[in-house]
Amino acid sequence: AETTVYRAGTTAPVNIAVVKYWGKRDAKLNLPTNSSISVTLSQADLRTLTTASCSTTFTEDSLTLNGELSDISGARTQACFRELRTRRAALEASDASLPKLSTMSLKIVSENNFPTAAGLASSAAGFAALVQAIANLYELHDSPSDLSLIARQGSGSACRSLFGGYVAWRMGDKADGSDSKADLVAEASHWPSMRALILVASAAKKGVSSTSGMQQTVATSGLFKERIERIVPDNMVAMEDAIHNRNFEKFAEVSMRDSNSFHACCADTYPPIFYMNDVSRAAIRAVESINAKAGKAIAAYTFDAGPNCVVYYLEENKDAVLGAFSETLGSTSGWKGGVGSQSGVLDETV
Ligand code: PMV
């Protein structure tokens, strides 16, 4: 029995925020300066697949990401391991028949089916999958919201990948972070015609990490104060309302305005940070012309901490949106493979 290897696996999806998390009020606990909302994408296109195992024969914790051994000494990864072990230890303390998995070394093996750190929110799916895989291995009874508290400590945006559909991360106001967690705004089935088109402007590793970009923004941008005090709180209310009412025009306007506000704050830092490039700006113009032609917003662009564009649209407008992109951007240099992969919205939780 002492050579038993215990194992469990899971997949976790990527989420792309429509009201962005940008800024930490506590860097150690990954507590944000504002709440955020995201849409979870289909696992068919973008996901992390993770297996967690443990055994008394393993000599140290390890994490292999896309075939390469990863550094796990960082405080974020260590916090996730520690929190999960503490919860497992509590179960073991209350039931002596349970194997003492909390004292064994962990071996984590993880694979992404998309480029890591290209601004495609790989850390979100990565930490969500890591936390869920270990929670499955430990047979924890914690809800997705409880697990989101742990995933948040790995990477802020990861807390939203514990759910499918439309997800809010409530910033909370407690100093220990115990109320800074994700909850479900609506299931994917509430608005099943939502689609996301991902335009890969560059699959290269991003220039300024989200952690240092956030730090610089909080420290040096004057616009940022306006964003967290007024713009984001208004966008949160408007976005939840748009999702509940399946109001795409409102969803689109708030998404685009919020992305613009986030990138304006980055440009307002000293020295300025630019995540978007000429290809990104061509995508914005393409969305604007699609919407002008339709006479209303049928497509919404949003950009994270990188040049890649995510366009949300409804299935019924597929021809107008995808057609316009292949015309406008098919010949634009810088697009990897022209029009990117198309994703549906995930219908299930991890
Ligand atoms: O979770 P992090 O630290 O990689 O930060 C993600 C920040 C954005 O992707 C730009 C916005 C968001 O809400 O996901």
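As the structure lists them, so they are numbered: ligands from 1, and atoms in each ligand from 1.
Geometrically, ligand 1 and R160 share a nitrogen or oxygen pair separated by less than 3.5 Å. Not a single N or O atom of W22, backbone or side chain, sits closer than 3.5 Å to an N or O atom of ligand 1. Considering backbone and side-chain atoms together, Y21 places an N or O closer than 3.5 Å to an N or O of ligand 1. Distances between N or O atoms of K20 and those of ligand 1 include no value under 3.5 Å. Polar contact check, S155 against ligand 1: a nitrogen or oxygen pair lies under 3.5 Å apart.
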Checklist entry - salt bridge (charged side-chain N to carboxylate O under 4.0 Å, His left out) between K100 and E92: does it pass, once the steps are laid out? => result CA-CA 7 Å; K100 302 279 181 286; E92 291 165 0; 5.6 Å; no

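Nearest-heavy-atom check against atom 9 (O) of ligand 1 across N34, V14, D304, D258 picks out D304.
Ring centers of Y275 and F303: at least 6.0 Å apart, outside the cut-off. Residues W22 and F224 keep their aromatic ring centres 6.0 Å or farther apart.
Residue contact check: A305 has heavy atoms under 4.0 Å from atoms 10 (C) of ligand 1. The contact set between ligand 1 and M214, taken as ligand atoms under 4.0 Å from a residue heavy atom, comprises 3 (O), 5 (O), 7 (C). Interface atoms of ligand 1 facing A17, defined by a heavy-atom separation under 4.0 Å, are 12 (C), 13 (O), 14 (O). Each of the atoms 4 (O) of ligand 1 lies under 4.0 Å from some heavy atom of S123.
Contact annotation for S210 and ligand 1: only side-chain heavy atoms (C-beta onward) come within less than 4.0 Å of the ligand.
None of V254, I231, D241, I37 except one satisfies the side-chain contact (heavy atoms from CB on, under 4.5 Å) rule with M236; the exception is I37.
Using a 4.0 Å cut-off between a side-chain N of Lys or Arg and a carboxylate O of Asp or Glu, R170 and D183 qualify as a salt bridge. With respect to the salt-bridge test (charged N to carboxylate O, under 4.0 angstrom), the residues D258 and R227 qualify.
Of all heavy-atom pairs spanning C80 and L130, the tightest one is CB-CD2, 4.0 Å.
Note that the CZ atom of R87 and the CD1 atom of I134 stand 12.0 Å from one another [nearest 0.5 Å].
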